[in-house]
Amino acid sequence: MSAPTTPHTAWFTHDRFGMFVHFGLYSMLARHEWVMTRERTPVAEYERYAELFDPDLFDARALARAAKDAGMRYVVLTAKHHEGFALWGTALSDYNAVRACGRDLVREFVDAARAEGLRVGLYFSVIDWHHPDFTIDYHHPRRDDADAREQNAGKDMARYREYLHGQVRELLTGYGRIDYLFYDFTYVEEVDGWAGKGPEDWDAEALLAMTRELQPGIIVNDRLGIPGDLVTPEQYQPDAPMERDGEPVLWEACQTLNGSWGYDRDNFDFKTPDLLVRMLVDSVAKGGNVLLNVGPDGRGALARRDAETLAAIGEWMRLHERSVRGAGPAEIAAPPGTVLTQRGDRLYVHLLTWPFGHVHLPGLAGRVRHAQLLHDGSEVRRVEIDPDQRAWNTTPGGQPPGTLTLLLPAVRPDVIHPVVEVFLEPVPRT
């Protein structure tokens, strides 16, 4: 069962697949986007990377084309991550890309995405380790300073909130239509004697209200610590359609290629295109989306391996897009080794393992007018096996009443994973 859609979320549940782009000063360090806090780097020391920031190979048009060619239909850029460096020319701070390199990377990205017909999303961190009024907590780079708690006496989160809201206002008024705002993130738990930060620290209700006022119809996630339009499981695949209080909710799995969001030169824990496609169809089968991340390097270029992975996914999507785009959970249970998605009167049998000879679909006898391998449109024959048939020599045993059996070739098609498209007859009205 899928979450109900509304007019402003209909495009999101239809498109199913988007690109996340993490880029910032941390890309130059090439040691994960949390490098500033992992290495307890003082602000003054970290600021020097802004003086050296030169993303001469950052090509927003190439990124947008790569996303589109991979079958993605929306893109999300980190306008500002936890390090506090803004990729646009914010009037509220000199710590920004326009001041550093003379380029508004948000403008370049937004314009390029629109030129490719993609929906536009921005990521904005409500955390800011650079801002002088953002209080030290258990995520902050200065948490281990001997006088860390004394430093907080001179900080004012009210001033920081004014800054935070002001930067969001700039993004939502300076770049035309923004379809999706990915806020990040709230952490209310206490750790090591440090309090976390919750909705009151961001004035989340007012921030969300302003977001919706400035961009009517925008989709907003759940990371302000108050309900949004969708929930965002990160770095794992839900084992079932996601629910809150027993009700289905809109959701999006946020996934990386190698476990890091920002460019991480020495991290080689890459997922294969096969695994990523399986994660995508698994999400769609459970009523969810996938936001798949790339992290351009310190000069702004997409790494060759990332580009090759996107191209491989794109080749599969070119042939199998309609099993994903506009699709969702199926009305029948998936046989072993398969995932099922459905789009209107088309059922898609994703064959995650290649069976020998047969796939049995319960409840579909008499309800199918055609079946074909989706990649080449070649017919898949189908039969109904008599429930009373006895297994003997080359004769298989009977199947439960109402079961339709697909007859597959012995040789697996040469695609990342094969899909059978089943054309359903309308369900008779009673």
Side-chain angles (χ1 to χ4, degrees), residues 1-21 67 70-76 118-119 121 123 179-185 218-224 227-257 259 261 271 273-294 309-310 313-314 316-317 320-334 338-344 346-350 352 416-417 419:
M1 183 178 180
S2 296
T5 58
T6 65
H8 83 280
T9 62
W11 70 264
F12 185 81
T13 55
H14 177 272
D15 289 355
R16 291 299 186 197
F17 192 24
M19 176 189 278
F20 218 166
V21 181
M72 297 156 167
R73 292 297 176 264
Y74 60 101
V75 289
V76 180
L118 303 173
R119 297 271 184 169
Y123 165 108
D179 299 289
Y180 181 16
L181 191 54
F182 192 111
Y183 282 115
D184 200 26
F185 72 101
I218 194 171
I219 292 177
V220 184
N221 69 354
D222 62 333
R223 297 194 177 190
L224 290 177
D229 296 304
L230 73 154
V231 298
T232 51
E234 179 177 335
Q235 300 284 44
Y236 73 93
Q237 283 296 113
D239 61 358
M242 297 200 74
E243 298 181 346
R244 286 290 183 271
D245 301 321
E247 295 296 325
V249 292
L250 206 65
W251 64 273
E252 175 184 63
C254 311
Q255 302 290 3
T256 57
L257 294 179
W261 297 97
K271 303 174 184 70
D274 169 77
L275 176 57
L276 291 165
V277 168
R278 284 188 281 124
M279 290 163 65
L280 173 60
V281 299
D282 174 70
S283 295
V284 176
K286 295 169 182 171
N289 286 30
V290 168
L291 187 61
L292 182 61
N293 182 74
V294 296
T309 295
L310 292 177
I313 295 171
W316 184 87
M317 284 288 285
H320 301 88
E321 181 178 29
R322 63 182 186 242
S323 71
V324 172
R325 190 92 55 241
E331 61 189 37
I332 67 169
T338 73
V339 164
L340 301 184
T341 60
Q342 189 166 345
R343 186 175 188 261
R346 307 289 178 89
L347 178 72
Y348 297 95
V349 184
H350 299 261
L352 305 186
I416 286 180
H417 81 248
V419 179

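All values below come from the heavy atoms of this structure, side chains included, with hydrogens, waters and symmetry mates left out. Computed from a predicted model, the values in this text were never measured in an experiment.
With sequence neighbours left out, the ring pair (Phe, Tyr, Trp, His ring centres under 6.0 Å) criterion links F17 to no other residue.
Here the side chains of V75 and V21 are not in contact, with every heavy-atom distance at 4.5 Å or above. Counting only heavy atoms from C-beta outward, the side chains of H417 and V281 approach each other to under 4.5 Å. Residues Q237 and Q255 meet the side-chain proximity criterion, which asks for heavy atoms closer than 4.5 Å. Using a 4.5 Å heavy-atom cutoff, the side chains of H320 and V277 are not in contact. Looking only at side-chain heavy atoms (C-beta outward), T232 and F182 come within less than 4.5 Å of each other. Contact annotation: the side chain of R119 never approaches that of Y180 to less than 4.5 Å [non-hydrogen atoms, C-beta and beyond]. Put simply, the side chain of L230 reaches to within 4.5 Å of the side chain of I219, judged on heavy atoms. Taking 4.5 Å as the limit, every side-chain heavy atom of H14 sits out of range of all side-chain heavy atoms of R73.
Nearest approach of M72 to L310, heavy atoms of both residues: CE-CD2, 3.8 Å.
Taken to the nearest 0.5 Å, the CG atom of N293 stands 7.0 Å off from the OG1 atom of T256. Taking CG of L291 as the reference point, atom CG of N221 lies at 10.0 Å (rounded to 0.5 Å). Atoms NE2 and CG, from H350 and L280 in turn, are 8.5 Å apart once rounded to the nearest 0.5 Å. We find the OG-CH2 distance between S323 and W316 to be 4.0 Å, quoted to the nearest 0.5 Å.
Using modelled atom types and a 3.5 Å distance limit, the side chains of E234 and W261 yield a donor-acceptor pair. T13 and N289 share no donor-acceptor pair across their side chains, judged by distance under 3.5 Å alone. No hydrogens or angles considered: a donor-acceptor pair under 3.5 Å links the side chains of D229 and H8.
Ring centroids of F12 and Y74 are separated by less than 6.0 Å, placing the two rings close together.
Under the side-chain contact (heavy atoms from CB on, under 4.5 Å) test applied with K271, the options L276, L257, T309, L292 reduce to a single match, L276.
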